Amino acid sequence: MGRFFITTPIYYVNDAPHVGHAYTTVNADAIARWHRLCGEEVFFLTGTDEHGAKVAESAAEHDMAPLAWADRTSARFKAAWSGLDIAYDDFIRTTEPRHHRAVQSFLQRVYDNGYIEKGLYQGLYCVRCEDYYTEEQLIGGNCPVHGTPVSFMEEENYFFRLDAFADRLLEWYEEHPEAVRPATKRNEALGFIKGGLQRISITRTSMHWGVPVPWDDAHVFYVWYDALINYATAIGYGSDEERFARWWPSVHHLLGKEILRFHCVWWPAMCMAAGIEPPANLFVHGWLLFGGEKLSKTMLQRLARSAEELAITDVAPDVLTDDFGVDAIRYHLLRAPLGSDSEFSYDGIVARYNADLANNLGNLVARVATVVGSKCGGIGPAPDPRSPLAAIADEVRVEAAAAWARFAPHDALGATWRLIGGANSLLESSEPWKMEPGPEVDAVLGSALEALRIVALLASPAMPATCAEIWRRIGMAGTPEDRRVPDDARWGGYPGGLAVSKGDPLFPRRRD
RNA sequence: GGCGGCGUAGCUCAGUUGGUCAGAGCACACGGCUCAUAAUCGUGGGGUCGCGGGUUCGAGUCCCGCCGCCGCUACCA
């Protein structure tokens, strides 16, 4: 049996969960669900990143201990994922003891291997921020946050010798052309490496909200440095080597383009430095963008809790799921091409909802149930082995599987929807509602039901609840998740003789 | 400034190594149907593929320049 390990980035607890987070997480969830459907042993990891100066500051501002503050925001992420029907296998928090142990073990190894050295970190420092800035970040030579003058400071830090890995990284990219996808993102990472790498300061003494450095207790690790290691922590790095070896390095990291450098340059180098293989698969997705045009006040009110200028990070997932339903939002997020940026708008959601969900899928379910009710006494007949839909279903099954496998849910769903179109078309050309009950009617309606069964199976990673409901309405026992692709997605799996029920519209058409 | 990406029908997007590559879906128009959530099915209009050059028998597809967006530029989740 195959194994499939997929991760999202761990989300920083200073942010509230927003649609950008949901985009990554829903995609990872759907892909994980697909692999479970394929019968693989799946480990889907997400979580929260809870260290660093910003968390400590925010906690102080709220008069809370850092951990209490982190508890609160971490819980909001869990709630958001629950609201989006995310079936993760593990939710890691970087404040957990297991993570501290793994980080210390990992970085001690790097230290012992000679890739961490003490050095002087110099920069422009704002005392009130307790943070360094580059000259470009300053506004009029002053701190961008406080507007006050910054001072030149230096502190003794430990540095990771990233610069020592340039050649090995280039070699690794050469030997693993598919490791970073899509190719455009791979090129960006390569460009960064070829541009020259410097050593990285990885510890702090100015603040203490972090993982203690095992060989020098005056320091804690810089937040990014501990964060990346979560992927190793969760599969037993440093505590259960057997388990770790089972899942590593054939991981699939899904991440947004803004953190490409950390994942595609730092992280592989860190792994090399610690003496483990770099992650085998890094898939970098683009952003959802608001086109910057025609954002009506209505839309603003609907999407954002409060915003003058609406950004994707202002939109909370629950605002959307309350409005459209969980599966509709999951579906919409999954129809955005994953590797590149794509437009995101309220009107776009409405349009897709009406076209794909209400008109095509929802209406097909309704019309089939009604005609089965009137012409077959509500008992679904068996499909016709020679139905024209059989060939479409074959094609769609193969295409959808290939698309899910290459992290292209939008293509997988596009293919799946062709079977819906085929079924609507077959009904139109056969007109079973005009025919007398008999074998001919049975063949058409049985085939339509079979199409719905296959669609419910293939689309279940995207819309688990809706597909389970379709499954139930056509009389199937259990849920699509109990089945396996590709075998159960082959034409002829609908047994016939099952009670078909009508039910309310799955996706009531929107009039806005 | 440097590095990288993008600019294809009204909208959202496809278009490997240059030769049915001018496409899909939505929207729109017309026709059919009425089982269905005024749904569905069929047909059609519509783009000098950002602009200007160049290479080539032939270029959205390669090269140069320009215009317009955008990301990264190192310790920012």
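Computed from a prediction, not measured in an experiment: that's the story for all the values here.
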Contact under 4.0 Å: [X] side-chain N or O vs [N] OP1/OP2:
X	N	answer
A:R511	B:A39	yes
A:S340	B:A14	yes
A:N424	B:A39	no
A:N354	B:U37	no
A:R261	B:U73	yes

Starting at [atom1] of [X] and ending at [atom2] of [N], how long is that distance when rounded to a whole Å?
X	N	atom1	atom2	answer
A:F344	B:C13	CZ	P	12 Å
A:I116	B:C75	CD1	P	19 Å
A:K54	B:C75	NZ	P	12 Å
A:D49	B:C76	CG	P	13 Å
A:W266	B:C72	CH2	C1'	14 Å
A:H332	B:C26	NE2	P	15 Å
A:Y12	B:C75	OH	C1'	13 Å
A:D347	B:G10	CG	P	18 Å

Nearest to the side chain of [X] - [options]?
X	options	value
A:K434	B:G4, B:U40, B:U34	B:U34
A:A366	B:C75, B:A36, B:U12	B:A36
A:E428	B:C75, B:G32, B:A14	B:G32
A:A355	B:C75, B:C26, B:A36	B:C26
A:P337	B:A14, B:A74, B:U37	B:A14
A:A227	B:A39, B:C75, B:A77	B:A77
A:W433	B:C75, B:C33, B:U37	B:C33

Worksheet item: Stacking here means centres under 5.5 Å and planes under 30°; does A:W224 stack on B:A77?
Response: yes
Worksheet item: So which one's nearest nucleotide on RNA chain B is more toward 5', A:H263 or A:Q198?
Response: A:Q198
Fill in: 5' precedence on RNA chain B between A:D341 and A:G422 (nearest-nucleotide basis)
A:D341
Using atom [atom1] in both nucleotides, what's the gap between [N] and [M] to the nearest angstrom?
N	M	atom1	answer
B:C30	B:C66	P	49 Å
B:G44	B:C6	P	33 Å
B:G1	B:G65	P	14 Å
B:C49	B:A9	P	10 Å
B:G54	B:G15	P	30 Å
B:U17	B:U37	C1'	48 Å
B:G50	B:U8	P	6 Å
B:C62	B:G7	P	12 Å

Worksheet item: CZ of A:F91 to CD of A:E96: how many Å apart, nearest 0.5 Å?
Response: 9.0 Å
Practice prompt. Answer with yes or no whether A:N363 presents, from its side chain, a donor or acceptor under 3.5 Å of a partner atom in the base of B:A36.
Written response: yes
Looking at every strand, decide which applies to [X] at a 4.0 Å heavy-atom threshold: base, sugar-phosphate, or nothing.
X	value
A:Y222	sugar-phosphate
A:L197	base
A:N360	sugar-phosphate
A:L364	nothing
A:G362	base
A:S429	nothing
A:S374	nothing
A:K185	nothing
A:I10	base
A:T370	sugar-phosphate
A:F507	base

Aromatic ring proximity [X]/[Y], centre distance under 6.0 Å:
X	Y	value
A:Y231	A:H253	yes
A:F324	A:Y346	yes
A:Y353	A:H332	no

Worksheet item: Yes or no on side-chain hydrogen bond (donor to acceptor under 3.5 Å, both in side chains) for A:E50 and A:T95, after CA distance, side-chain angles and deciding distance?
Response: CA-CA 6 Å; A:E50 310 189 357; A:T95 46; 2.7 Å; yes
May I ask which nucleotide in the shown strands pairs with [N], Watson-Crick or G-U wobble, both distances under 3.5 Å?
N	value
B:C75	none
B:G4	B:C70
B:G46	none
B:U61	none
B:A14	none

Discussion item. When you compare the side chain of A:V441 with that of A:E436, does any pair of heavy atoms fall below 4.5 Å?
Written reply: no
Discussion item. For A:W209 and A:V223: C-alpha separation, side-chain torsions, deciding distance, then whether side-chain contact (heavy atoms from CB on, under 4.5 Å) applies.
Written reply: CA-CA 9 Å; A:W209 183 236; A:V223 59; over 6 Å; no
Does NZ or CZ of [X] lie under 6.0 Å from the centre of the six-membered ring of [Y], at an angle within 45° of the ring axis?
X	Y	result
A:K257	A:W287	yes
A:R199	A:F160	no
A:K118	A:F159	no

Practice prompt. Tell me whether B:G60 sits syn or anti, counting syn as a glycosidic angle within 90° of 0.
Written response: syn
